[in-house]
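Taking it in order: structure first as structure tokens, then the write-up.
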Amino acid sequence: MVARELRLRSASDFDRVRTRGRTVSSRWFVVKALPNDVGHNRYGFAAGKRFGNAVQRNRAKRLMREVLRELHPHLAQGFDIVVIVRNNVPSDLTYAHVRPDIAELLRRVGLYHEARPCVVHSSG
RNA sequence: GAUACCGGACGGGCGAUCGCUGGCGUUGCCAGAGGAAAGUCCGAGCUGCAUAGAGCGAGGGUGCCCGGCGAAAGCCGGGGAGACGCGUUGUCGAUGCGCGUCGACAGUCCAGAUCGGCGUGGUUCGCCACGAGAGCAACAGAAACCAUUCCGGCGCCCCCGUGCGCCGGCUGAAAAGGGCAAUCCUCCCCGCAGCAAUCUCCGAUCGAACCGUUUGCAGGUUGCUCGCCAAGGUUCGAGGUUGAGAGCAGGCGCUUUGCGCCCAGCCCGCUCGCGGGCUGAGAGAGAUGAUCGUCAGAAACAGAACUCGGCUUACGGUCCGGUAUCUUCA
RNA sequence: CGGGGAGUAGCGCAGCCCGGUUAGCGCGCCGCGUUCGGGACGCGGAGGUCGGAGGUUCAAAUCCUCUCUCCCCGA
């Protein structure tokens, strides 16, 4: 989980990032990023109604939050970032599947520069 | 012992590191989703609106009997009308009996009666009132709901026909005795809406009242004066936002860093109904997660959103009880 | 989270309230005719678990219960 100051809180913030932010996507996730004037990053997570029931939507959001919690110290600051899970993701998803996918998307959007992308992360 | 079905209980435990939400005495400590939290099918609390009482109308209500629990919904136990299946009286049918499964079933008994029984409601416990109607049944069949006479047989009127009476018949769910109230209706019961309810505070904005003094370049109304308007200030009211708080997290009260009483669960003591101790989720883009170790272990359905009591639906695995079948041993 | 509505042929809809004949209409589809050919037109035809399961009834698209999917509204 991410601390409250680092979360996107209002619907207007979400709409601004979703309409004007830069978008990259993979088979399972969509990442949108937009510079802000707060001085640090803020994160928002979304799972649509068609993704599954409440348990499956909460599960997906928690996995996304966990990935962003770990990657947050290594990211460029000053952006609002929205991570959206797509509806075709299998329901037996685990952290080991989610983390490389989102890290690759953040690298492609230019916020994440990992020295050796294939190495096992230290906090495992 | 195995398999299947039915009913009930449990709904992973312990440990390590990182992280989240709330509280507190804040380098930390404590607490932190369910049996269904779900569907929203019922009933209550709570809140706002409406409302004298009563009646009429609309809409809704799974409604046998007895006993128990409950605030109510409803649940538990027993019994009955009735339905279906199996067995049995040689077979088929009818009927009777036995067993099993079910049993959302009010609107009556009696040939009839202003009487009586029974049921419902009211009651001053003496008794009183009410228990009334309508509709539907395709196709087939002679005939389908105040019955009827198509066919055959028998009997009677002297004989035939006609007629009358009795018996039988194909059809159909049902053939004169009823069926349907998960048809209308009658009896009985029910105010409407819901925490995105509702209440409080702050802001934009709007309205009303009052103030608006002296000097000087100082808004508009004719150049000036007065007056009026505008700007500004104060008070009151309206308004109700992507705002804040309450509702809201065991409850209530008080002399409010706390104390007292009460409620529920668990544990302990025991003089056996009392005493003591511990515990009580409360978010607001919405808190329970991640990586591992271990136990035989990769486990289903599934996430609190105002609260509580039920109903229904979903569910891997383990344990307990019952029934049926098979196998082994005695 | 709360409150409502709808599922019927490939598509859009009737029928449901008040149960009973073959579940009907328009567009679409198929075949034939017409035309040099196509369209239009005319004739004929196919296509339906009435979202799913259970119940009431002699009989259910219709009545009752449960369930699935979709849509709308409420700060």
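The sequence lines fix the lettering, A, B, ..., with proteins before strands; numbering per chain opens at 1. Quick caveat: nothing in here was measured; it's all calculated off a predicted structure.
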| In whole Å, what separates the P atom of B:C105 from that of B:C184? | 14 Å

| request: Please measure how far the C1' atom in C:C50 lies from the corresponding atom in C:U22, and state the result in whole Å. | output: 15 Å

| message | Does the structure show a Watson-Crick or G-U wobble partner for B:G63, both distances under 3.5 Å? Name it, or say none. | response | B:C187

| request: Look at the side chain of A:N53 and decide which nucleotide, out of B:G286, B:G303, B:G289, has an atom nearest to it. | output: B:G303

| message | Need to verify one output field. Residue with the more 5' nearest nucleotide on RNA chain B, A:N58 or A:A46? | response | A:A46

| Considering only heavy atoms and no angle criterion, is a donor-acceptor pair shorter than 3.5 Å present between the side chain of A:R62 and the base of B:G303? | yes

| query | Considering only the C1' atoms, how many Å lie between C:G7 and B:C99, rounded to the nearest integer? | reply | 46 Å

| request: Rounded to whole angstrom, note down the C1' distance from B:G34 over to B:G39. | output: 15 Å

| query | Does a nitrogen or oxygen in the side chain of A:R65 sit under 4.0 Å from OP1 or OP2 of B:G19? | reply | no

| said: Between B:A285 and A:F45, is there a base-stacking contact, meaning the centre of the base's six-membered ring lies under 5.5 Å from the residue's ring centre while the planes stay under 30° apart? | reply: no

| request: Please measure how far the C1' atom in B:U327 lies from the corresponding atom in B:U89, and state the result in whole Å. | output: 39 Å

| message | If I pick the P atom on B:A209 and the same atom on B:A230, what distance separates them, to the nearest angstrom? | response | 11 Å

| note | Base orientation of B:A182, chi within 90° of 0 counted as syn, else anti, reads anti

| query | Since syn is defined as within 90° of 0, does B:G121 count as syn or as anti? | reply | anti

